[in-house]
There are 2 protein chains.
Amino acid sequence: MAKEKRVLLKDVADSVGVSTTLVSIVLNGKAKQYRIADEMVEKVIKAAMEMNYSPNLIARNLRGGKTQLIGLIVTDISNPFYSAIARIVENRANELGYTVVFSSSDEDLDNTKRLIDVLLNKGVDGLIVVPCDGSEDLIKSIHENNTPLVLIDRNFPETDISFSCLNNYRATELATRHLIEQGYENIALVGYKTGMNHILDRIRGYEETMKSAGLSKYIQVKKVNLLNTKVEMSNVLDVLINKKKVDAVIFLTNMLAVTGLYCLKDMHVRIPEDIAMVGFNRNDVFNLFPSTITHIRQPLELIATQAVNILVDKINHSELEIKSMSFSEPQLIVGASTPNKKDI
Amino acid sequence: MAKEKRVLLKDVADSVGVSTTLVSIVLNGKAKQYRIADEMVEKVIKAAMEMNYSPNLIARNLRGGKTQLIGLIVTDISNPFYSAIARIVENRANELGYTVVFSSSDEDLDNTKRLIDVLLNKGVDGLIVVPCDGSEDLIKSIHENNTPLVLIDRNFPETDISFSCLNNYRATELATRHLIEQGYENIALVGYKTGMNHILDRIRGYEETMKSAGLSKYIQVKKVNLLNTKVEMSNVLDVLINKKKVDAVIFLTNMLAVTGLYCLKDMHVRIPEDIAMVGFNRNDVFNLFPSTITHIRQPLELIATQAVNILVDKINHSELEIKSMSFSEPQLIVGASTPNKKDI
DNA sequence: TTTTTTTGCTTTATCGTTTTAGCTAAATAC
DNA sequence: GTATTTAGCTAAAACGATAAAGCAAAAAAA
């Protein structure tokens, strides 16, 4: 099977009997600007269509310096949260004529550095990055190098790097307020150890809402380790439930909520009879569990679409150094895990 | 912050005071072949390192070289099964010096066609594809065009296109035999409508195992539609349980199993008291449900790694037209959803 | 000493586009 | 009737690398 030769600009040009330049001009819609005769434009377009010509992007990109490639660095593409984002990024990018290259950093700084290097080397036109703990300087240096860059899910508020993420403060504010309104008071929070802003904001949202409701004395923020999550979670929950006698728990991520559910099940703690809970992000688990789980929903569609929009805008106007900030509003999905306390 | 200009071959050449050709030769490890002096080789390499040179892949590719880019087309990257595969593909590809570009076909032929076109246009060195229903001719034409290509998860047995997938026949054979050994007889199967080989093989595995156990009369294959799954699933399960009085159900995909669980929960059908079930692939849900679910585990790591290995081999030896077939063996994970029938 | 071979490098062409500058013939102005 | 403008197109350069062919100087052979 011989490799079918691709139809080149030259082939179209030869078939019409004109120069490649003319064909290029016509197909790029610059006929008017170069005052090409109307009949000629028609002839060329017809020939190109008939021969099924499509430009070699590599050649085009070599000339123009653009690849129409977007690099997406998440912490782990196999994490459903990030694969959902990836899908939306892909869709929006395709709409805008881009293709997505992805990589997983595993929350590791060195990996992130290496991956960014590789992607820039491949000539991506811009990057969408979920930055990991400690990557602020690295990300800043990339940004200062004028590489179009947008952070997603997490951000560095002290820098002028554009981002698209959840209004994290509002998320836990919503969750905490809901619990308080349902009559809970001894409400604890389970997060994980990190200096990243998205988690800190969520913690602030909880703390400040508790304070302003006069529940300061109940504020309890527990942080589990991301590695040994299951064991640590068991210990934390044991303390919260058996020693601190908490009413309700808010889990700061989907993974923490799911792990929490596993542990509670093992501990034979019933939801909501023994404890109320609020999770983060949707998960099949939340609906299958004996009682559906109240949770914070992130508008992924909006977050991811905005990230691409901002990035492509940056790519097309690299001369402007604008910081775009997109905070998407969270939604509280009320399930059976947070009934009014007097109904239990 | 001015954009740092990329270091070009010419820059390195100028700094050493030689031609670009020489630098290219040296950096491509062809110094011996072109009998370049050893000291010169050293000087050039040192300069390239110091200047942090890395070749422009677009230019290299245009010249006929390679992009070190692999295209991955799955049906939906946000499907956890495929995002898990994507992650492993990414890891293995990175190990071999490749970067992955991904796209989702949504099980649609036209999308697949378009995506393949786009990816080839971007100059990917090869493709890993989850083919959709009806894509055989398209895929064959790509293959015959000498584009390195490997199918994953599904395959076309009648063609000489390489693939890496599960031994699907064995999967349902395992599941069916397990149920029979546990004392079940009236065992039904729920799949979905498709002409794709992986599902047909799974159906065959079930049917033939039932036959050889003398249970032909119980063979029941139900097919739900992929679009209106939930409603159809409810109807199908209603018929199977209330009319056909089945003992056990095997669900042919993860999605079907999860949907099945939702429906059974809504119908207040208990597992395993009212019906036994076997699912496909791991899912958080399987462990959180009141009783853990027996399921077929696919060795994703192996399947995905093999796909990359085969592809890269093809890329490096495009002159050889070898059909590589990798069937990975399924594993049966026994949970509480299939107890011995006399123990219920 | 002269010719041949080998060494070590460079020049030039090429990949398929886009862009810049330029060229010819017709139309208009003077 | 000559000069200038305009319309309609083309030739050539460029993007950054690689591959083929070529060429001078040094070394070896005659």
Side-chain angles (χ1 to χ4, degrees), chain A residues 3-45 47-48 51-69 97 120-123 125, chain B residues 3-45 47-48 51-69 117 120-123 125:
Chain A
K3 197 158 194 153
E4 277 175 43
K5 221 172 137 286
R6 264 191 80 113
V7 178
L8 305 180
L9 209 53
K10 185 165 186 328
D11 300 325
V12 180
D14 287 352
S15 95
V16 184
V18 294
S19 70
T20 59
T21 305
L22 188 144
V23 179
S24 169
I25 288 171
V26 170
L27 296 183
N28 284 301
K30 302 187 176 169
K32 280 277 165 300
Q33 182 184 334
Y34 281 81
R35 39 182 196 222
I36 307 296
D38 288 355
E39 317 109 65
M40 181 59 88
V41 171
E42 242 176 78
K43 259 205 290 189
V44 168
I45 290 178
M51 302 178 71
N52 197 23
Y53 169 78
S54 81
N56 178 322
L57 293 178
I58 301 168
R60 173 181 279 179
N61 292 332
L62 177 58
R63 190 68 234 284
K66 297 277 190 263
T67 51
Q68 301 293 114
L69 237 45
L120 290 181
N121 236 272
K122 301 276 173 182
D125 293 341
Chain B
K3 192 159 202 157
E4 281 174 38
K5 220 175 136 288
R6 260 191 84 116
V7 178
L8 306 180
L9 209 52
K10 183 162 187 331
D11 300 326
V12 179
D14 287 352
S15 95
V16 184
V18 293
S19 70
T20 59
T21 306
L22 189 142
V23 179
S24 169
I25 289 170
V26 169
L27 297 182
N28 284 300
K30 300 186 178 169
K32 280 277 165 301
Q33 183 185 332
Y34 281 80
R35 39 179 195 223
I36 308 295
D38 288 355
E39 317 109 66
M40 182 58 87
V41 171
E42 242 176 78
K43 258 204 290 190
V44 168
I45 290 178
M51 303 178 71
N52 198 24
Y53 168 77
S54 75
N56 178 322
L57 294 170
I58 302 169
R60 174 181 276 180
N61 186 250
L62 179 58
R63 189 57 183 67
K66 297 286 154 75
T67 49
Q68 302 294 111
L69 235 46
D117 246 31
L120 290 180
N121 243 285
K122 300 274 174 184
D125 293 342

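A note on names: the letters A, B, ... follow the listed sequences, proteins ahead of strands, and every chain is numbered from 1.
- At whole-Å resolution of the value, CG in B/Leu57 and P in D/dC15 are 18 Å apart.
- Across the protein-nucleic acid pair, A/Met51 atom CE and C/dG16 atom P stand 14 Å apart, rounded to whole Å.
- To the nearest 0.5 Å, atom CD of residue A/Gln33 and atom CG of residue A/Asn28 are 10.0 Å apart.
- B/Met40 has its CE atom 8 Å from the C1' atom of C/dG8, to the nearest Å.
- Residue A/Asp11 holds its CG atom at 12.0 Å from CG of A/Asn52, rounded to the nearest 0.5 Å.
- Under the 3.5 Å distance criterion, the side-chain polar atoms of B/Thr67 are matched with a main-chain donor or acceptor of B/Gly123.
- Residue B/Ser19 has no polar side-chain atom (N or O) positioned under 4.0 Å from OP1 or OP2 of C/dC9.
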Inset, instruction - Starting from the C-alpha separation in whole Å, work towards a yes-or-no answer on side chain to side chain contact (heavy atoms under 4.5 Å, CB included) for A/Leu22 and A/Val44. - result: CA-CA 9 Å; A/Leu22 188 144; A/Val44 168; 3.5 Å; yes
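- At whole-Å resolution of the value, CD in B/Gln68 and P in D/dA17 are 15 Å apart.
- Closest-nucleotide positions on DNA chain C for A/Thr20 and B/Asp38 were compared, and the one nearer the 5' end corresponds to B/Asp38.
- Taking atom NZ of residue A/Lys10 and atom P of nucleotide D/dA11, one finds them 11 Å apart after rounding to whole Å.
- Of all the heavy atoms in B/Gln68 and B/Asp125, the pair that sits closest is N-OD2, 2.7 Å.
- When all heavy atoms are compared, the tightest approach of B/Ala47 to B/Val12 is CB-CG1, 4.2 Å.
- A distance of 6.5 Å separates CG of B/Asn56 from CG of A/Leu62, quoted to the nearest 0.5 Å.
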Please tabulate the protein-to-nucleotide N/O contacts below 3.5 Å involving nucleotides 20-22 of chain D, giving atom names and distances.
none

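- Nearest nucleotide to the B/Leu8 side chain, out of D/dA17, C/dG16, C/dT10: D/dA17.
- Contact between A/Ser24 and A/Leu9 at its shortest, heavy atoms only, is CB-CD2, 3.8 Å.
- At its two ends the helix from C/dT1-D/dA30 to C/dC30-D/dG1 runs along axes set 70° apart, each axis drawn from five pairs and the angle rounded to 10°.
- Taking atom CG of residue A/Asn56 and atom P of nucleotide D/dA17, one finds them 17 Å apart after rounding to whole Å.
- When each of C/dC9, D/dA14, D/dG16 is scored by its nearest atom to the side-chain atoms of A/Arg63, the top-ranked nucleotide is D/dA14.
- Judged by distance alone, with hydrogens and angles left aside, the side-chain atoms of B/Asn61 form no donor-acceptor pair with the main-chain N or O of B/Leu57 at under 3.5 Å.
- Counting to the nearest Å, the C1' atom of C/dT14 and the CG atom of B/Asn61 are 14 Å from each other.
- Of the candidates D/dA17, D/dT18, C/dT17, D/dT18 carries the atom nearest the B/Ser24 side chain, counting heavy atoms from C-beta on.
- Scanning both residues, A/Pro55 and A/Arg6, for their nearest heavy atoms gives O-NH2, 3.5 Å.
- Nearest to the side-chain atoms of B/Leu9 among the listed nucleotides D/dG8, D/dA17, C/dT18 stands D/dA17.
- If you take CG of A/Leu22 and P of C/dT17, they are 15 Å apart, rounded to a whole angstrom.
- Residue A/Lys30 places at least one side-chain N or O closer than 4.0 Å to OP1 or OP2 of C/dT19.
- If A/Ala59 and B/Ile36 are placed on DNA chain C by their nearest nucleotide, the residue sitting closer to the 5' end is B/Ile36.
- Here A/Asn28 lies in heavy-atom contact (under 4.0 Å) with sugar-phosphate atoms only.
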